[in-house]
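Everything on this sheet refers to the single structure shown next.
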Amino acid sequence: MQMELATMRMRKSLIYWICFLVIGFVQISKSNGFYLPGSYMHTYANGDPIYAKVNSLTSIETELPFGYYSLPYCQPLGGIKKSAENLGELLMGDQIDNSPYLFKMNVNQSSYLCTTAPLNEHEVKLFKQRTRDLYQVNMILDNLPVMRFANQNGVKIQWTGFPIGYTPTDGSADYVINHLKFTVLVHEYEGNDVEIIGTGEEGMGVIAETDKKKESGFEIVGFHVVPCSVKRDPEVMTKLHMYDNISSINCPNELDKYQPIREQERISFTYEVEFVKSDIRWPSRWDAYLKMEGSRVHWFSILNSLMVIFFLAGIVFVIFLRTVRRDLARYEELDKETQAQMNEELSGWKLVVGDVFREPGCSKLLCVMVGDGVQILGMAGVTIVFAALGFMSPASRGMLLTGMIILYLFLGIASGYVSVRLWRTIKGTSEGWRSISWFAACFFPGIAFTILTALNFVLWGSNSTGALPISLYFKLFFLWFCISVPLTLIGGFLGTKAEQIEFPVRTNQIPREIPARKYPSWLLVLGAGTLPFGTLFIELFFILSSIWLGRFYYVFGFLLVVLLLLTIVCAEVSVVLTYMHLCVEDWRWWWKAFYASGSVALYVFLYSINYLVFDLQSLSGPVSAILYIGYSLLMAIAIMLSTGTIGFLVSFYFVHYLFSSVKID
């Protein structure tokens with residue numbers, strides 16, 4: 001009776017929490033986002049005003065974003081207004097503001113913005129520091145980042161954003177970029193009974209019939225800039241008003257015509273814009289940003305991974321067909337007396353029958369890490385699948401990170417279920433399932449919050465927009481304790497009701513002594529991580545370049561294939577290593593199976609350090625290095641939990657299958 005009442009209460013609370021989550025998800029969906037997937041394209045009539053927006057100033061040298069108006073730039077007439085930002089944008093340090101740059105559709109113009117007051121010592125120091133740290137201005141028009149082109153050694157290179165200033169190679173002086181020559185590519189939309197609908201992936205728009213209510217107009221399909229430094233007479237420029245017409249000029253090549261950064265200097269900001277008709281259609285306007293270069297390298301990575309997989313598959317094939325099945329066949333053909341006599345003479349995995357399922361050390365921690373690994377692996381897998389299908393476009397800023405967080409929260413139910421079910425399997429009872437569920441709900445998020453809080457103090461000390469505001473901390477804690485923790489507890493409760501996995505053999509009361517070995521077993525475990533790392537490291541280079549060099553990463557199809565190959569390699573490596581340990585009568589396989597594949601995280605972290613030293617040579621200052629190492633450490637821990645979980649679960653079912661085939665009294 002009491003059990004039925006408890007079950008009814010649990011069901012009622014489950015219904016209440018589901019209703020709460022649905023209401024909360026609806027509220028999140030209604031919250032303001034800078035760009036929503038499935039939104040319609042904007043069409044403009046001739047002369048329609050279009051305002052550009054500005055994002056945070058960023059640099060590949062410091063990785064510390066700062067607000068655009070932290071420098072003495074011209075401000076809009078109506079004051080600075082921040083655009084609504086989603087959770088992912090806030091976590092990435094984006095700060096999108098309005099700007100005074102005003103365009104009129106299909107109206108070529110050259111306009112004056114403003115002239116600053118005489119620069120004081122602090123402003124000059126800030127301008128010079130940001131210029132020498134290679135900070136970029138990130139401007140946005142109709143949700144397209146501004147793009148500039150440069151020639152390096154005869155090769156045309158495209159960049160998003162433009163520099164704050166210019167410093168000659170001799171370092172004699174610094175010059176500010178104060179004149180911008182924009183080119184806006186537009187495509188004429190006929191309104192011929194079609195409109196674009198889609199999932200936020202503008203490169204995969206769908207053309208559908210509509211009701212002829214859509215007016216004809218022009219779509220913005222490209223946004224380019226040529227930045228210039230032009231010295232102007234402040235006495236003449238101050239007589240003008242914002243948006244007054246000025247004469248168009250060419251970018252000067254002589255340094256004496258550049259606008260220097262020095263005290264008491266007054267800087268005049270101007271711009272000109274030219275509209276150019278283009279054949280590019282609105283669904284394809286992001287193609288220029290998402291050009292996949294080095295596709296052969298991605299294919300080489302996949303072929304390399306396939307070679308490793310076939311090599312390991314051959315070893316597993318030999319283990320199963322030539323060794324395990326042969327031994328089992330011989331063993332089962334004997335009668336019981338002969339088996340008992342044979343057991344005294346046997347060596348290898350058959351001798352650890354009475355110890356192979358003995359409870360491992362720190363079993364509670366193992367259950368929690370496996371549960372959290374399932375949660376992280378599920379989040380990564382679903383995110384990559386959705387991104388590969390085009391549901392997470394870079395046009396939707398912050399959507400990828402927001403989607404990952406939401407998936408992680410809701411997959412707490414899987415974490416609780418796996419942790420508690422594994423705990424029941426090891427202990428044979430459900431007692432203590434609540435503490436296991438709580439531990440699973442707080443283990444990885446606790447590590448992440450600790451690392452991010454430490455890094456946040458570093459960002460606060462640098463006055464960077466990358467620092468998380470206190471209000472966001474409260475929101476994250478709310479999501480953690482009001483969604484993730486309850487769902488993990490619900491998953492744990494479901495784990496207590498699931499069918500218990502029974503061990504096929506009994507465990508002896510006295511542990512069997514493990515024979516001495518010539519070399520420590522942890523060396524083999526660490527070495528095993530090199531094989532999964534071999535399938536991952538090439539794609540890891542592109543991911544790190546995307547994160548730290550400000551490049552777009554959108555080859556999620558390749559990443560999905562690499563994830564599948566990595567999963568197979570981790571499973572094979574762990575099975576082979578587990579079998580090797582059992583063959584030398586080492587029955588302590590639980591943690592070794594986890595770290596055999598999880599040790600790939602060590603190589604990922606070491607590769608990240610190598611990338612910092614040799615590929616991010618421009619990264620300057622201890623603050624930037626601390627941020628890089630902190631984020632790399634968090635990434636390595638997540639990889640360890642997910643890959644370790646793959647190896648452990650496959651090894652567990654391998655051992656269970658292996659010993660369930662042995663007939664024991």
Side-chain angles (χ1 to χ4, degrees), residues 6 9-10 13-14 17 21 357-380 404-454 473 476-501 588-595 597-599 601 633-649 651-652:
R9 291 194 193 99
M10 196 68 186
S13 62
L14 178 60
W17 274 111
L21 293 175
F357 291 109
R358 189 177 301 281
E359 180 182 345
C362 302
S363 56
K364 185 176 183 179
L365 179 61
L366 178 64
C367 295
V368 168
M369 291 175 72
V370 171
D372 280 7
V374 169
Q375 189 176 7
I376 295 169
L377 187 64
M379 174 198 70
M404 290 175 66
I405 293 172
I406 292 174
L407 281 170
Y408 183 84
L409 293 173
F410 282 91
L411 284 171
I413 195 167
S415 173
Y417 177 84
V418 172
S419 298
V420 170
R421 194 171 185 200
L422 182 59
W423 174 255
R424 285 183 63 212
T425 301
I426 294 174
K427 289 289 188 179
T429 177
S430 298
E431 186 178 352
W433 71 270
R434 289 182 182 85
S435 64
I436 291 289
S437 300
W438 269 100
F439 196 9
C442 298
F443 180 70
F444 180 72
I447 294 174
F449 265 95
T450 301
I451 294 175
L452 292 177
T453 301
Y473 260 93
L476 292 174
F477 271 104
F478 172 80
L479 293 173
W480 182 7
F481 285 102
C482 295
I483 297 180
S484 182
V485 172
L487 282 175
T488 308
L489 289 170
I490 292 171
F493 175 75
L494 296 176
T496 62
K497 301 301 179 185
E499 183 181 354
Q500 184 173 341
I501 301 173
R588 295 174 301 187
W589 60 271
W590 302 75
W591 281 106
K592 291 169 184 174
F594 184 91
Y595 283 116
S597 52
S599 60
L633 179 62
L634 182 60
M635 178 179 68
I637 293 172
I639 291 174
M640 178 197 71
L641 292 174
S642 54
T643 55
T645 295
I646 295 169
F648 172 80
L649 291 177
S651 292
F652 178 83

If you measure from OH on Tyr417 to OG on Ser437, what distance do you get to the nearest 0.5 Å?
13.0 Å

Minimum heavy-atom separation for Phe477 to Phe449, with atom names?
CE1-CE2, 3.9 Å

Pair Met640-Tyr595, side-chain contact (heavy atoms from CB on, under 4.5 Å): steps then yes or no
CA-CA 8 Å; Met640 178 197 71; Tyr595 283 116; 3.9 Å; yes

As an exercise, state the distance from CZ of Phe652 to CD1 of Ile501, rounded to the nearest 0.5 Å.
5.0 Å

Which atom names give the shortest non-hydrogen contact between Leu641 and Phe443, and what distance separates them?
CD2-CE2, 4.2 Å

Roughly how far, to the nearest 0.5 Å, is the CG atom of Leu494 from the CD1 atom of Ile413?
5.5 Å

Tell me, yes or no, whether the heavy-atom count around Gln500 atom CD, taken from other residues, nucleotides or ligands under 6.0 Å, exceeds 12.
yes

Looking only at atom types and distance, does a side-chain atom of Ser419 sit under 3.5 Å from a main-chain N or O of Gly416, one as donor and one as acceptor?
no

Are Leu634 and Leu452 close enough that some pair of their side-chain heavy atoms sits under 4.5 Å apart?
yes

List the atom of Pro445, the atom of Cys442, and the distance in Å for their closest heavy-atom pair.
CD-C, 3.9 Å

At their closest point, which heavy atom of Ser484 faces which heavy atom of Leu409, and how far apart are they?
CB-CD2, 3.7 Å

Provide the closest heavy-atom pair for Glu499 versus Arg424 in the form atom of the first, atom of the second, distance.
C-NH1, 4.4 Å

Could you tell me which non-hydrogen atom of Lys592 sits nearest to which non-hydrogen atom of Arg588, and how far apart they are?
CD-O, 3.3 Å

Can you check whether Phe648 reaches Ser597 side chain to side chain, under 4.5 Å on heavy atoms?
no

CD1 on Ile490 to OG1 on Thr488, rounded to 0.5 Å:
9.0 Å

Rounded to the nearest 0.5 Å, how far does CH2 of Trp433 lie from CG of Leu489?
6.0 Å

Rounded to the nearest 0.5 Å, what separates atom CG in Leu479 from atom CD1 in Ile405?
8.0 Å

Taking the side chain as every heavy atom from C-beta outward, state whether Leu377 and Thr645 have any atom pair closer than 4.5 Å.
no

Is there a side-chain contact between Thr429 and Trp423 (heavy atoms, below 4.5 Å)?
no

Acceptor/donor pairs from residues 360-376 side chains to any protein atom, 3.5 angstrom cut, sequence neighbours excluded:
unit_1: Ser363; atom_1: OG; unit_2: Glu359; atom_2: OE2; d: 2.8
unit_1: Asp372; atom_1: OD1; unit_2: Ser415; atom_2: OG; d: 3.1
unit_1: Asp372; atom_1: OD2; unit_2: Phe444; atom_2: N; d: 3.1
unit_1: Gln375; atom_1: NE2; unit_2: Tyr408; atom_2: O; d: 2.6

